[in-house]
Amino acid sequence: MSDIQAEFDRIALAEQYEADGKGWNHNDHYHDFLLKQLPARIGAALDIGCGTGTFARLLAARANHVLAVDLSAEMLRLARERSTTFPQIEYRQADVLTWAWPDNAFDCIASIAT
């Protein structure tokens with residue numbers, strides 16, 4: 001797992017997104033579709049494999065709380081840096097294959113390309 005984490009840390013540094021969010025990658029293609037599946041307001045959302053937090057920020061517009069999880073410390077560093085105006089997002093580094101998920105804690109669980 002450490003090799004995978006190191007690879008995603010490297011990818012984070014090479015990412016083409018700009019800090020203002022005007023970049024685009026293939027994962028963005030799914031954002032509108034996924035958001036259309038949700039009600040206007042939700043309590044708690046989980047974003048698995050959140051990367052630099054792009055979808056977590058979109059979820060935050062609808063959710064009271066977003067827990068955004070990623071394996072890569074570097075992805076999370078960028079996500080936190082870009083999400084300073086979203087206090088309802090909590091970023092956590094974890095391997096979702098071994099993480100002890102809380103029971104009945106989320107109204108929405110999303111994962112894009114994870």
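Note that the numbering runs from 1 along the sequence shown for the chain.
Residues I112 and F33 fall within the same hydrophobic cluster, defined by Ile, Leu, Val, Met, Phe, Trp and Tyr side chains chained together at heavy-atom separations under 4.5 Å. Residues L71 and V96 fall into different hydrophobic clusters, defined by Ile, Leu, Val, Met, Phe, Trp and Tyr side chains chained together at heavy-atom separations under 4.5 Å.
F86 has its side chain out of reach of V66: every pair of non-hydrogen atoms, C-beta onward, lies at least 4.5 Å apart. Between W99 and I48 the shortest side-chain heavy-atom distance does not fall below 4.5 Å. Residues W101 and I109 meet the side-chain proximity criterion, which asks for heavy atoms closer than 4.5 Å. Proximity of L67 to F106: side-chain heavy atoms (C-beta onward) are separated by under 4.5 Å at one or more points. Put simply, the side chain of T52 reaches to within 4.5 Å of the side chain of R82, judged on heavy atoms. Residues D70 and Q93 fail the side-chain proximity criterion, which asks for heavy atoms closer than 4.5 Å.
Separation of atoms OG (S83) and CD (E90) is listed at 12.5 Å; rounding is to 0.5 Å. The line from CD1 of I42 to NE2 of H65 is 11.5 Å long, rounded to the nearest 0.5 Å. Separating the OH atom in Y30 from the OG atom in S111 is a distance of 12.0 Å, to the nearest 0.5 Å.
When all heavy atoms of A45 and A63 are compared, the pair lying nearest together is CB-CB, 4.3 Å. Smallest separation of non-hydrogen atoms from L59 and C108: CD2-SG, 4.3 Å. Contact between A56 and I89 at its shortest, heavy atoms only, is O-CD1, 3.7 Å.
R80 places a side-chain N or O within 3.5 Å of a backbone atom of Y91 that can act as its donor or acceptor partner. Proximity of a side-chain donor or acceptor of R62 to a complementary backbone N or O of L38 within less than 3.5 Å is detected. Checking side-chain atoms of Q88 against main-chain N and O of N64 turns up no donor-acceptor pair under 3.5 Å.
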Check against side chain to side chain contact (heavy atoms under 4.5 Å, CB included), L76 and R92: CA-CA 8 Å; L76 291 168; R92 183 178 301 170; over 6 Å; no
Test log, rule side chain to side chain contact (heavy atoms under 4.5 Å, CB included), inputs I4 and S72: CA-CA 8 Å; I4 294 169; S72 167; over 6 Å; no
